[in-house]
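One structure is given below, encoded as structure tokens.
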Amino acid sequence: MSVAFVPERLRGKVEVNQETLQWLLEENDQLIRCIVEYQSKGRATECVQYQHILHRNLIYLATIADATPPSRRP
């Protein structure tokens, strides 16, 4: 399950580190590959679940980026 599905009680308490970010980026890469494969086979309805996870991951990453002070960004 994606780390973006963090339970409400743990939100804001989970430390986001480089390893977590890398894992999310790799997961997004796999999700995109699955989505493209399903779409190329004409099975767009099967990729909806992957699109939802990808969307949630992207929102999570954007939220982290917005909350990170400029001095801590690479």
Side-chain angles (χ1 to χ4, degrees):
M1 182 184 286
S2 174
V3 275
F5 293 95
V6 177
E8 186 70 38
R9 63 182 171 22
L10 295 177
R11 289 185 188 165
K13 297 176 184 161
V14 177
E15 183 178 331
V16 179
N17 56 34
Q18 192 65 33
E19 187 176 301
T20 302
L21 294 175
Q22 186 60 42
W23 187 86
L24 264 173
L25 293 172
E26 289 171 8
E27 180 181 50
N28 288 351
D29 179 64
Q30 288 300 313
L31 288 167
I32 291 168
R33 291 174 192 272
C34 287
I35 292 166
V36 168
E37 183 177 338
Y38 276 124
Q39 287 179 339
S40 70
K41 292 179 179 179
R43 297 170 56 189
T45 55
E46 283 93 341
C47 68
V48 171
Q49 66 183 356
Y50 299 119
Q51 290 172 329
H52 285 285
I53 296 169
L54 177 62
H55 179 262
R56 192 169 272 185
N57 284 357
L58 293 172
I59 296 298
Y60 183 71
L61 288 169
T63 302
I64 292 168
D66 287 345
T68 304
S71 62
R72 292 193 59 208
R73 293 183 185 167

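What you see is a predicted model, and the numbers here were worked out from it, not measured in a lab.
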Does the side chain of [Y] come within less than 4.5 Å of [X]'s, by heavy atoms?
| X | Y | answer |
| --- | --- | --- |
| Trp23 | Glu19 | no |
| Asp29 | Ile32 | no |
| Asp66 | Thr63 | no |

| If you measure from CG on Leu31 to CD1 on Ile53, what distance do you get to the nearest 0.5 Å? |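 Separation between the atoms: 6.0 Å.
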
Taking distance alone, no hydrogens or angles, what donor-acceptor pairs closer than 3.5 Å link side-chain atoms of residues 41-51 to residues at least two apart or in another chain?
from: Lys41; atom 1: NZ; to: Glu37; atom 2: OE2; distance (Å): 3.0
from: Arg43; atom 1: NE; to: Glu46; atom 2: OE2; distance (Å): 3.4

| So Glu26 and Gln22, side chain to side chain donor-acceptor pair (under 3.5 Å) or not? Walk me through it. | CA-CA 6 Å; Glu26 289 171 8; Gln22 186 60 42; 3.2 Å; yes

| query | Would a hydrophobic clustering, with Ile, Leu, Val, Met, Phe, Trp and Tyr connected at side-chain separations under 4.5 Å, put Ile59 with Leu61? | reply |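 Ile59 does not cluster with Leu61.
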
| query | Same cluster or not: are Leu25 and Ile64 linked, directly or through other Ile, Leu, Val, Met, Phe, Trp or Tyr residues, by side-chain heavy atoms under 4.5 angstrom apart? | reply |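 Yes, it is one cluster - the side chains of Leu25 and Ile64 are joined through contacts under 4.5 Å.
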
